[in-house]
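What's counted below: heavy atoms across the whole structure, side chains too, no hydrogens, waters or symmetry copies.
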Amino acid sequence: MLHSTTIHLPEWINEVVDWQRRYDNDDEKMALAITLSQQNVARGTGGPFGSAIFEIETGKLVSVGVNRVMPLSNSSAHGEMVAIMLAEQAVQSFSLGADGVARELFTSCEPCAMCLGGTLWSGVKRLVCAATAEDARAIGFDEGPVFEQSYQYLRDAGVEVVRNVQQPAAAAVLQSYVQDGGTIYNG
C-alpha cells in the first residue's frame with residue numbers, strides 16, 4: 001500500500017524557465033504561464049495548462065506549475081495546484097502570505113473549482129487569468145461549480161482578480177491541444 005505521493009515537474013522545465021529573471025509586468029508574467037502550457041502540450045508531458053507564482057513587489061519568480069494529471073495519475077495535479085504546492089515548499093509555509101511577502105498566481109486559464117479553492121487557501125493576494133472557463137469548456141473540460149460569485153468571494157477575501165490577460169494566445173493553446181488529439185480527461 002502506498003503512503004506517499006510525489007509531485008514533480010517535467011525535466012524540460014529548466015530549459016524553458018529562467019529562475020533568475022525578474023518579471024516587470026503582467027504581460028511578461030502571463031507569457032511565461034502560456035509558454036509553460038504550450039510546452040507541456042508540445043512535449044507530451046500533460047494537459048494544456050500552465051501557472052506561475054511571483055512576488056508582487058519584486059517580480060521574482062517563486063514557482064511554476066504545469067498540468068500533470070495524466071502522467072502522475074493524480075486528479076489534483078493541475079497547473080495551479082502544482083505551482084501552489086511547490087511555492088509553499090519553497091517558502092516553507094502552508095500560506096504564501098505568512099511571511100509578509102505578497103505573492104500572485106498567473107494561470108493560463110481561469111481556475112476550475114478545485115484550483116479556485118486552492119487559490120483562496122494558498123494565501124496569494126492576486127490571481128491573474130488568461131483563457132476563460134468557457135474556452136476550456138468549449139474543448140470539453142468540465143471546470144466544475146465556478147460562478148461569478150466565486151470570484152467575488154475571492155475579492156471579498158482580499159484577493160485581487162484580473163481576467164482575460166492574453167486570452168487569445170491562451171485559448172489558442174487549448175484549441176491546438178484538442179485539435180492534436182489531446183485527451184480530455186474529465187469531460
Side-chain angles (χ1 to χ4, degrees), residues 2 5-10 13 30 32-53 63-88 96 104-124 126-157 159-187:
L2 291 177
T5 188
T6 302
I7 302 293
H8 57 87
L9 294 170
I13 288 289
M30 187 57 74
L32 176 60
I34 294 170
T35 296
L36 291 165
S37 69
Q38 290 169 325
Q39 290 297 310
N40 207 38
V41 170
R43 295 173 187 248
T45 52
F49 305 100
S51 298
I53 295 178
S63 73
V64 299
V66 292
N67 180 281
R68 302 288 286 151
V69 168
M70 290 178 42
L72 298 179
S73 299
N74 186 327
S75 64
S76 66
H78 289 201
E80 298 95 333
M81 298 305 293
V82 171
I84 289 167
M85 286 186 265
L86 294 174
E88 290 172 345
L96 294 176
E104 58 191 346
L105 169 62
F106 278 72
T107 185
S108 67
C109 187
E110 291 177 344
C112 70
M114 174 184 64
C115 295
L116 206 57
T119 298
L120 173 67
W121 298 321
S122 74
V124 297
R126 191 163 184 255
L127 168 66
V128 184
C129 312
T132 65
E134 290 78 24
D135 294 328
R137 281 193 287 277
I139 67 166
F141 282 103
D142 180 356
E143 298 303 279
V146 175
F147 311 101
E148 193 53 44
Q149 298 93 325
S150 306
Y151 289 100
Q152 188 58 50
Y153 191 98
L154 284 178
R155 288 183 195 99
D156 291 346
V159 179
E160 180 186 352
V161 177
V162 180
R163 296 157 79 182
N164 295 309
V165 174
Q166 298 186 23
Q167 181 273 339
V173 175
L174 297 173
Q175 287 297 319
S176 69
Y177 177 75
V178 76
Q179 289 170 355
D180 291 344
T183 301
I184 306 299
Y185 47 81
N186 72 340

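- Between A169 and I34, the shortest heavy-atom distance links the atoms CB-CD1, 4.2 Å.
- Counting all heavy atoms, side chain and backbone alike, M81 lies closest to C115 at CG-SG, 3.6 Å.
- Partner of R126 under the side chain to side chain contact (heavy atoms under 4.5 Å, CB included) criterion, out of V161, T119, L154, V162: V162 alone.
- Side-chain contact annotation: N40 with S37, donor-acceptor N/O pair under 3.5 Å absent.
- Taking both residues in full, the closest heavy atoms of V165 and M30 are given as O-CG, 3.6 Å, listed atom of the first, atom of the second, then distance.
- One distance of note links CD of Q167 with SG of C109; it measures 9.5 Å at 0.5 Å rounding.
- Judged as a salt bridge (charged side-chain N to carboxylate O under 4.0 Å, His left out), and not counting sequence neighbours, the contacts of R163 are E110, E148.
- Counting heavy atoms from C-beta on, the side chains of W121 and I84 never come closer than 4.5 Å.
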Contacts table for residues 46-53: side-chain donor-acceptor under 3.5 angstrom, sequence neighbours left out:
{"unit_1": "S51", "atom_1": "OG", "unit_2": "E80", "atom_2": "N", "d": "3.4"}
{"unit_1": "S51", "atom_1": "OG", "unit_2": "T107", "atom_2": "OG1", "d": "3.1"}

Let me see the working for N164 and T132 under side-chain contact (heavy atoms from CB on, under 4.5 Å), right down to the final yes or no.
-> CA-CA 7 Å; N164 295 309; T132 65; 3.2 Å; yes

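- Of the inter-residue distances, the one linking Q149 atom CD with R155 atom CZ reads 11.0 Å to the nearest 0.5 angstrom.
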Could you give me the CA-CA distance, side-chain angles and deciding distance for L96 and L105, then say whether side-chain contact (heavy atoms from CB on, under 4.5 Å) is met?
-> CA-CA 10 Å; L96 294 176; L105 169 62; over 6 Å; no

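- Here the shortest heavy-atom pairing between R68 and T45 reads NH1-O, 2.8 Å.
- Side-chain atoms of Y185 do not come within 3.5 Å of backbone N or O of F141 as any donor-acceptor pair.
- With hydrogens and angles disregarded, no donor-acceptor distance shorter than 3.5 Å links the side chain of D180 to the backbone of G182.
- Between V82 and V66, the closest side-chain pair of non-hydrogen atoms is not below 4.5 Å.
- The shortest distance between side-chain heavy atoms of C112 and H78 falls below 4.5 Å.
- Closest approach of L174 to A131, counting heavy atoms only: CD1-CB, 3.9 Å.
- Nearest heavy-atom pair, I13 versus V64, reported as atom, atom and distance to 0.1 Å: CG2-CG2, 4.0 Å.
- Within 6.0 Å of OH on Y153 lie no more than 12 heavy atoms contributed by other residues, nucleotides or ligands.
- Applying the salt bridge (charged side-chain N to carboxylate O under 4.0 Å, His left out) test to E88 and every residue at least two apart in sequence or in another chain returns nothing.
- Listed for the S122 side chain is a donor-acceptor partner under 3.5 Å among the backbone atoms of V124.
- D142 contributes atom CG, which lies 8.0 Å from atom CZ of R137 (distance to the nearest 0.5 angstrom).
- Rounded to the nearest 0.5 angstrom, Q38 CD and S176 OG are separated by 7.5 Å.
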